[in-house]
Amino acid sequence: MLLPYLNGDTIEAGCDEAGRGCLAGSVYAAAVILPQDFRNELLNDSKQLTEKQRYTLREVIEKEAVAWAVGVVSPEEVDEINILNASFLAMHRAIDQLKVRPEHLLIDGNRFKKYLEIPHTTVVKGDGKYLSIAAASILAKTYRDDYMNRLHQEFPYYDWDHNKGYPTKKHRAAIVEHGVSPYHRMTFNLLGDGQLSLEF
C-alpha cells in the first residue's frame, strides 16, 4: 500500500509527467489532490498496471479527488526549451488548473523548478511511494495515450497506437522510410546510433 501523504496537515498535490523519453508527441503532466482518507489497494505506479487497470483507476481518481488537472507541452515547445524544462512546464500548467490551491507539492523525480511560492518535495520513484503521485502518473499516462492514439489515426505507419511515440525499432524504421511527422521532436536523436542520417 502506498503512503497517503508526506505532510498530513497540508493540502498536498502529487505531480508526475508522461512522455519524456518519446521521439514524438507532447509531454503530459498531471497534478492530483486526494482526500486525506483516500485509500485504494490497486493504485500504484502506472507502469506497474495494465492498460485496463489504468483506465479503471482514472475514473476513480477523477471522481474522488479533491482536485485534478492535466497540463500539456507541445513538441515544438519541447524543442525550444528542452525536455527537462518541458516536463516542469507541463507540471506547472497542470497545477495552474487545479480548482483547489495546494499548500505543498509532491513531485516525482529528483528535480523541479519552483512553482510560485508553494514549497515542494521531490521524490525519486515517487509514483511507487505516494498515492497522489501514483494518481498523477495514471492521469498523465492515460491522457497522453489517448492523444497518441488520435495521432496514430493521422500517421498510422509509426505504430503510435502501440509504442506511444517511444523509440522502438518499428518507429525508427518508419522514420527512415517515411521521414518525420509534424509531431516529431526534432532535437531528439530520432534514428538512434549508427543509423542513416535524416535530411531536412
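Atom set for the values below is all heavy atoms of this structure, side chains included, hydrogens, waters and symmetry mates excluded.
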Mark yes or no for whether [X], through its side chain, and [Y], through its backbone, hold a donor-acceptor pair below 3.5 Å.
| X | Y | answer |
| --- | --- | --- |
| Gln97 | Val70 | yes |
| Glu12 | Leu106 | no |
| Asp108 | Gly126 | yes |
| Asn40 | Leu42 | yes |
| Glu17 | Val27 | no |
| Arg144 | Ser26 | yes |

Between [atom1] on residue [X] and [atom2] on residue [Y], distance to nearest 0.5 Å:
| X | Y | atom1 | atom2 | answer |
| --- | --- | --- | --- | --- |
| Leu49 | Tyr55 | CG | OH | 12.5 Å |
| Arg54 | Leu57 | CZ | CG | 10.0 Å |
| Leu131 | Asn44 | CG | CG | 9.5 Å |
| Ile175 | Leu190 | CD1 | CG | 5.0 Å |
| Trp160 | Tyr147 | CH2 | OH | 7.5 Å |
| Phe155 | Met148 | CZ | CE | 11.0 Å |

Going by side chain to side chain donor-acceptor pair (under 3.5 Å), name the residues that satisfy it together with [X], two or more places apart in sequence or in a different chain.
| X | answer |
| --- | --- |
| His152 | Asp161 |
| Glu154 | Tyr183 |
| Thr187 | Asp79 |

Under 3.5 Å, sequence neighbours excluded: what are the donor-acceptor pairs made by side chains of residues 132-142?
unit_1: Ser137; atom_1: OG; unit_2: Ser46; atom_2: N; d: 3.2
unit_1: Ser137; atom_1: OG; unit_2: Ala134; atom_2: O; d: 2.7
unit_1: Lys141; atom_1: NZ; unit_2: Asp145; atom_2: OD1; d: 3.1
unit_1: Lys141; atom_1: NZ; unit_2: Asp145; atom_2: OD2; d: 3.3
unit_1: Thr142; atom_1: OG1; unit_2: Arg58; atom_2: NH1; d: 3.3
unit_1: Thr142; atom_1: OG1; unit_2: Ile138; atom_2: O; d: 2.8
unit_1: Thr142; atom_1: OG1; unit_2: Leu139; atom_2: O; d: 3.3

Less than 3.5 Å apart, which donor and acceptor atoms pair up between the side chains of residues 111-124 and the rest of the protein, not counting sequence neighbours?
unit_1: Lys113; atom_1: NZ; unit_2: Asn85; atom_2: OD1; d: 3.0
unit_1: Tyr115; atom_1: OH; unit_2: Asp96; atom_2: OD1; d: 2.6
unit_1: Thr121; atom_1: OG1; unit_2: His104; atom_2: NE2; d: 2.8

| field | Sequence-distant partners of Arg93, salt bridge (Lys or Arg N to Asp or Glu O under 4.0 Å), two or more places apart | value |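 Only Glu77 meet the salt bridge (Lys or Arg N to Asp or Glu O under 4.0 Å) criterion with Arg93.
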| message | Looking at every heavy atom in both Cys22 and Arg185, which two are closest together, and how far apart are they? | response |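 Of all heavy-atom pairs spanning Cys22 and Arg185, the closest is O-NH1, 2.9 Å.
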| said: Assigning hydrophobic clusters by single linkage (Ile, Leu, Val, Met, Phe, Trp, Tyr; side-chain heavy-atom cutoff under 4.5 Å), is Leu105 placed with Phe88? | reply: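 Yes.
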| query | Do Tyr158 and His184 pass the ring pair (Phe, Tyr, Trp, His ring centres under 6.0 Å) test, and can you show the C-alpha distance, the side-chain angles, and the key distance before you say yes or no? | reply | CA-CA 11 Å; Tyr158 297 115; His184 278 98; 4.8 Å; yes
| task | Compare all side-chain heavy atoms of Arg39 with those of Pro4 and state whether any distance is below 4.5 angstrom. | result |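 Heavy-atom side-chain distance check passes, below 4.5 Å.
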